[in-house]
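Just so it is clear, the values below take in all heavy atoms, side chains as well, and ignore hydrogens, waters and symmetry mates.
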Amino acid sequence: MPTVALFVSFGRDARPGFELTEADAAAVAEICRRLDGLPLALQLAAARLTVLSPAALLARLEPRLPLLTRGPRDLPARQQTLRAAIAWSYELLGPAERRLFRRLGVFVGGFTLEAVEALTEGNPDALDPLEAISSLVASSVVFVQPLEEITPRYGMLDTIREFALELLEEAGEAGETRRRHAECIRDLVERAEPLLLVPAERRDWMAQLEHDYENIRTALAWSVTGENAPGIGVALVGALGWFWLTSGRLKEAGSWYTALLARPGEADHSLAWAKVLHGSRATLPVGFEERVSRAPPGRLRCRVDRSARVIKN
């Protein structure tokens with residue numbers, strides 16, 4: 001792998017005599033993968049080989065940015081740390097593009113232009129999403145994913161995304177942006193749900209949800225397990241039942257059903273909750289819902305029966 005060879009070269013500069021051994025090969029390959037193959041990141045990481053083994057270096061790479069400092073002194077100041085190099089590119093953006101850059105950090109595994117439009121809807125920037133994405137791609141902080149699809153997808157390298165999330169927190173925009181992200185993913189899942197039952201549409205929509213599954217997990221984690229927006233979580237879990245079944249993710253589905261049922265006082269008479277109860281009954285062991293939800297068996301049985309009637313109607 002070219003990136004591994006580059007890392008080894010940088011390692012020899014930092015620690016003369018450094019050689020790649022069979023014992024170190026897996027750790028070095030994973031270091032290169034986590035650093036997205038960025039030459040500056042590899043150089044800064046390799047500089048730590050003076051005091052760390054590759055395995056120890058790998059163990060300290062989460063988060064990435066704090067470790068990747070103190071580069072060669074003959075480099076320009078903006079290249080002395082990876083954070084400084086990314087910050088330099090960030091500072092070259094206009095105010096509206098910086099705001100969008102920060103917000104795009106919430107997406108995991110890529111995003112579409114439609115998702116960007118949903119994320120920026122109602123913003124005072126009067127920002128054209130297509131022009132803004134084009135600018136971020138030209139600045140090398142966003143890339144176009146190499147997918148042969150009608151709908152193009154974009155992404156951020158993990159190191160750059162980590163920087164964007166830091167800035168998002170510092171700007172006090174994280175809560176609102178994560179809510180918008182979760183709403184965007186909820187809308188996608190709800191749009192896909194009925195089309196998964198249409199043979200002519202199923203393949204395309206399964207692929208779409210697979211592409212966005214890391215975003216789905218992120219939205220679920222934010223909305224289901226915290227105090228943020230449980231209604232969004234209910235809608236997501238309720239609409240994902242058929243996708244989880246057909247993609248072989250019933251074990252994971254059970255963990256999300258369990259998380260929702262464990263929340264006190266959340267259940268209502270909505271269709272979304274009916275789907276959650278119906279899906280949990282089909283996924284979790286007999287009697288498990290009662291233990292998790294702490295509801296009396298008779299009351300839960302009534303809820304399940306009511307959910308079946310709601311779905312049937």
What distance do W205 atom CH2 and R191 atom CZ have between them, rounded to the nearest 0.5 Å? 4.5 Å
Kindly give the heavy-atom pair with the smallest separation between E117 and P129, and that separation in Å. CG-CG, 3.6 Å
Mind checking whether L209 and L188 have side chains closer than 4.5 Å, heavy atoms only? yes
Tell me every residue that passes side chain to side chain donor-acceptor pair (under 3.5 Å) with W242, counting only those two or more places apart in sequence or in another chain. none
Any heavy-atom pair between the side chains of V224 and L236 that's under 4.5 Å? no
Taking all atoms of both residues into account, what is the closest heavy-atom pair of L20 and A25, and its distance? CD1-CA, 3.9 Å
Can you list everything that forms a side chain to side chain donor-acceptor pair (under 3.5 Å) with E30? Sequence neighbours excluded, please. R33, R34
Near E121 CD, under 6.0 Å, is it more than 12 heavy atoms from other residues, nucleotides or ligands? no
Just so I know, are the side chains of L119 and F107 near enough to count as touching, which here means a heavy-atom distance under 4.5 Å? yes
Nearest 0.5 Å please: distance from the CZ atom of R178 over to the OG atom of S223. 11.5 Å
Taking R103 for the side chain and E173 for the main chain, is one N or O donor matched with an acceptor at less than 3.5 Å? no
Note: P54 and V28 closest approach over all heavy atoms is CB-CG2, 3.9 Å
Any donor and acceptor pair, going by atom type alone, linking the side chain of S280 with main-chain N or O of L277 inside 3.5 Å? yes
Heavy-atom side-chain proximity of Y90 to V141 below 4.5 angstrom: no
If you look at every heavy atom in A182 and W222, which pair is closest and at what distance? CB-CE3, 3.8 Å
Assess whether side chain to side chain contact (heavy atoms under 4.5 Å, CB included) is satisfied between I31 and V4, documenting all intermediate values. CA-CA 9 Å; I31 288 169; V4 170; over 6 Å; no
Please walk me through it: do T177 and H181 pass side chain to side chain contact (heavy atoms under 4.5 Å, CB included)? CA-CA 6 Å; T177 303; H181 172 265; 5.6 Å; no
Within residues 206-223 or reaching into it, pairs that qualify as salt bridge (charged side-chain N to carboxylate O under 4.0 Å, His left out) - sequence neighbours excluded: R153-D212, E210-R249, E214-R217, R217-E252
In sequence, state the C-alpha distance, the side-chain angles, and the governing distance for E183 and R180, and then conclude on salt bridge (Lys or Arg N to Asp or Glu O under 4.0 Å). CA-CA 5 Å; E183 289 174 341; R180 283 183 173 241; over 6 Å; no
Check whether any side-chain heavy atom of R102 lies under 4.5 Å from a side-chain heavy atom of E170, and answer yes or no. no
I'd like to know whether L136 forms a side chain to side chain contact (heavy atoms under 4.5 Å, CB included) with L93, so could you lay out the CA-CA distance, the side-chain angles of the two residues, the decisive distance to 0.1 Å, and finally the verdict. CA-CA 8 Å; L136 295 179; L93 301 172; 3.7 Å; yes
Report yes or no: does R12 contribute a side-chain atom to a donor-acceptor pair with the main-chain N or O of E19 at less than 3.5 Å? no
Honestly curious: do I216 and Y257 fall in one hydrophobic cluster under the side-chain, below-4.5 Å linking rule? yes
With a 3.5 Å distance limit and no angle check, can you tell me whether S9 reaches the backbone of A5 through a side-chain donor-acceptor pair? no
Measure the shortest side-chain to side-chain distance between N215 and V106 over non-hydrogen atoms and say whether it is less than 4.5 angstrom. no
Examine L167 and V108 and state if one hydrophobic cluster contains both, with Ile, Leu, Val, Met, Phe, Trp and Tyr joined whenever side-chain heavy atoms are less than 4.5 Å apart. no
Shortest non-hydrogen contact from I160 to F101? CG2-CE1, 3.6 Å
Mind checking the CG-CG spacing from L104 to L165? Nearest 0.5 Å is all I need. 10.5 Å
Under 4.5 Å between any side-chain heavy atoms of W244 and V237, yes or no? yes
Mind checking whether F7 and F18 have parallel, tilted or perpendicular rings, split at 30° and 60°? perpendicular
Once rounded to the nearest 0.5 Å, what's the spacing between atom CG of L196 and atom CG of L240? 9.0 Å
Minimum heavy-atom separation for T112 to Q208, with atom names? CG2-NE2, 4.5 Å
Spatial distance of atom CG (L58) from atom SG (C32) [nearest 0.5 Å]: 10.5 Å
I want to check something: taking the side chain as every heavy atom from C-beta on, are R203 and M206 in contact at a cut-off of under 4.5 Å? no
S135 side chain to E131 main-chain N or O, any donor-acceptor pair under 3.5 Å? no
If you round to the nearest 0.5 Å, how far is OG of S139 from CG of L92? 7.0 Å
